[in-house]
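As the structure is a computational prediction, the values presented were derived from the model and not from experiment. First listed ligand is number 1; within each ligand, the first listed atom is number 1.
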Amino acid sequence: MGNLAVIGMDWGDEGKGKIIDLLMPRFDIVARYSGGANAGHTVSNGGKDYSLHSLPSGVFEESKRLLIGNGFLLALSAYGDKDGLLQEIERMNRVVSLHGRLYVADGAHVILPHHIEADSQGSGVGSTKRGIGPSAEAKANRTGVRVGDLIGIRDHDDYLALRERILRRYDVKDVLKTLYEQRAFLEKLIDGFGVKIVNASKFLNAAFREGSNVLFEGSQGTMLDIDHGTYPTVTSTNSTAGGIYTGLGIPPKQVDQVIGVAKATESRVGDGPFPTEDSYFNVYREGWNEFGATTRRPRRLGWRDGAQLKYAARLNGVDYIALTCLDRLGDVPDRLKICVGYKIDGRETDEWPTGFRDQTVAKPIYRDLDGWHGQDISSARDFNDLPKAAQNYVRELEKEADCYIGMISVGKERGDIIQV
Ligand code: IMO
Ligand code: MG
């Protein structure tokens, strides 16, 4: 036992939710460490799917404590048609009680209306318009407002000081009104919904000492990480393993294991390089429900990239890969492909290129593999139950990724999984 991180290896939407759901019974606390409501994590309960944006997965298990870390960019309440934490809790409270088990870090930055407005004017990268980029910018240019700042307000001068901080950089109206509102939202979370404001580092270190096991829930994916992704078409936080330590205030030695989640065919929503993108898959988009969970935009689809997987495995120190949606490849009548490297300006490499220009021009080098068209693999529970071609596909991918594949999702249902 110990603490485990579940991290996306692609551009988000790898099926992290399903893997987290499966592992949940072993853990006492689920912690989100980066991103914000740009995430869309699908959790099933009683045959119904729920899309969570701010709440950690684990909402349905009343014994679990949930933590929103300081690395999280938090929208307290709705703005326009975008729900915030308050609305998400109200919605979930109809199904399961969250009272007293949701903890929010005092260091989390609050997404303010002017951040969402700035984001909806176009980020140039096709963002989710949740204010993520502008609030991360405010965090970095030191005009951000944290949960702890709002809690710490004692008198009018404290409001004025926060207003000063914002106006130093931004020409926005009604700042005081915004601050009163945000403070009221926070009071409602605390008094109305039993949310507790904590120092994430202190909270988790106490939990470790008691022997609690923590699941670190990644959002987005490695290729959207602000440092290691396809910059500038990335999100604004560190979605890779490194984000756990700063996003929660815990030391590296507390992460005992890392599972990387990767999809058997890849997807990307929003702009940016995607070497293996192939319109070949467009006919499957409806059937595979490849639309953004947060924005409903059609996802771009492509072949599995083994070289990119190797990059993501190395970056996160992935112990093993959970490969999702392997069943979908049974829909494909032709031979399958995995990308094993790239041709860039006539030069061949099996390393993921780290510059935007090279990522944009990289032509994938594919290895063709036999498929298993028409065979339903959803009842396979052992690796040897898989058709030989599917076994071979997994083995080839492992070789390219230089990482073990320890879990394979073979269907939609919760139990449709092989633990290798
Ligand atoms: P989960 O956790 C897929 C993408 C956006 C855009 C870029 C920047 O559900 O896998 P942002 O709003 O973060 O400034 O947008 O990142 N993006 C995601 N794509 N899944 C996600 O989260 C994403 N979160 C952000 O589409 O291209
Ligand atoms: Mg998603």
Side-chain angles (χ1 to χ4, degrees), residues 5-21 30-44 49-57 68 71-75 79 82 88 109 111 115-140 216-240 243 247 260-263 266-274 277 288-302 312 322 324-325 356 359:
V6 177
I7 296 177
M9 299 178 83
D10 305 329
W11 284 278
D13 306 323
E14 299 91 348
K16 298 178 287 292
K18 178 170 179 172
I19 302 302
I20 288 170
D21 204 35
V30 185
R32 293 268 318 256
Y33 59 89
S34 76
N38 48 352
H41 294 180
T42 309
V43 185
S44 324
D49 279 355
Y50 296 83
S51 195
L52 302 175
H53 299 288
S54 299
L55 286 171
S57 302
I68 292 176
F72 192 89
L73 301 165
L74 180 62
Y79 187 73
K82 312 274 190 294
E88 216 169 297
H109 276 253
I111 296 179
H115 299 146
I116 300 181
E117 266 160 28
D119 204 14
S120 57
Q121 281 154 23
S123 59
V125 305
S127 84
T128 58
K129 299 187 167 46
R130 297 282 184 152
I132 298 297
S135 73
E137 197 179 316
K139 177 175 175 174
F216 306 109
E217 177 177 10
S219 52
Q220 290 79 52
T222 300
M223 310 312 285
L224 286 171
D225 181 280
I226 184 144
D227 283 282
H228 304 288
T230 54
Y231 190 89
T233 48
V234 289
T235 190
S236 308
T237 57
N238 284 114
S239 32
T240 51
V261 187
K263 214 151 57 173
E266 292 196 48
S267 69
R268 176 164 198 170
V269 56
D271 302 335
F274 179 5
E277 180 175 20
W288 293 357
N289 192 26
E290 286 284 15
F291 295 90
T294 303
T295 56
R296 301 307 300 161
R297 286 176 292 178
R299 293 185 187 138
R300 301 157 60 193
L301 302 170
T324 57
C325 305
F356 188 74
Q359 290 163 356

- Item | Every N, O or S from the protein that is nearer than 2.8 Å to the Mg ion (ligand 2) |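 Listed by chain and number, the nearby protein N, O or S atoms are D13 OD1, G40 O.
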Is it the case that the side chains of [Y] and [X] hold a donor-acceptor pair, with the cut-off being a distance below 3.5 Å and no angle test?
| X | Y | answer |
| --- | --- | --- |
| T128 | R130 | no |
| S267 | D13 | no |
| E217 | S57 | yes |

- Positive for side chain to side chain contact (heavy atoms under 4.5 Å, CB included) with N38, one of T235, L224, T237, L73: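 Filter result, single survivor: T235.
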- Task: List in chain and number order the residues that pass ring pair (Phe, Tyr, Trp, His ring centres under 6.0 Å) with Y79, two or more places apart in sequence or in another chain; answer none if no residue qualifies.
- Result: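 In terms of ring pair (Phe, Tyr, Trp, His ring centres under 6.0 Å), with neighbours along the sequence ignored, Y79 is linked to no residue.
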- Tell me, please, which residues at least two apart from F72 pass ring pair (Phe, Tyr, Trp, His ring centres under 6.0 Å).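 None.
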- Query: Hey, is the main chain of D10 close enough, under 3.5 Å, to the side chain of R268 for a donor-acceptor pair?
  - Reply: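 Flag not set: sc R268 to bb D10 has no pair under 3.5 Å.
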Anything under 3.5 Å between an N or O on ligand 1 and a protein N or O? List each pair with its distance, or write none.
residue	atom	partner	partner atom	Å
ligand 1	2 (O)	H41	NE2	2.7
ligand 1	2 (O)	Q220	N	2.8
ligand 1	9 (O)	D13	OD1	3.4
ligand 1	9 (O)	G40	N	2.8
ligand 1	9 (O)	G40	O	3.2
ligand 1	10 (O)	D13	N	2.8
ligand 1	10 (O)	K16	NZ	2.8
ligand 1	12 (O)	T128	N	2.9
ligand 1	12 (O)	T128	OG1	2.6
ligand 1	13 (O)	N38	ND2	2.8
ligand 1	13 (O)	T235	OG1	2.6
ligand 1	20 (N)	D13	OD1	3.2
ligand 1	20 (N)	D13	OD2	3.4
ligand 1	24 (N)	Q220	NE2	3.1
ligand 1	26 (O)	V269	O	2.9
ligand 1	26 (O)	R297	NH2	2.9
ligand 1	27 (O)	G126	O	3.4
ligand 1	27 (O)	V269	O	3.2

- Message: Are L52 and E88 packed together at the side-chain level, in the sense that at least one heavy-atom pair is separated by less than 4.5 angstrom?
- Response: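 Sidechains of E88 and L52: in contact.
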- Got more than 12 heavy atoms from elsewhere within 6.0 Å of CZ, F356?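 Yes, the 6.0 Å shell around CZ holds more than 12 heavy atoms from other groups.
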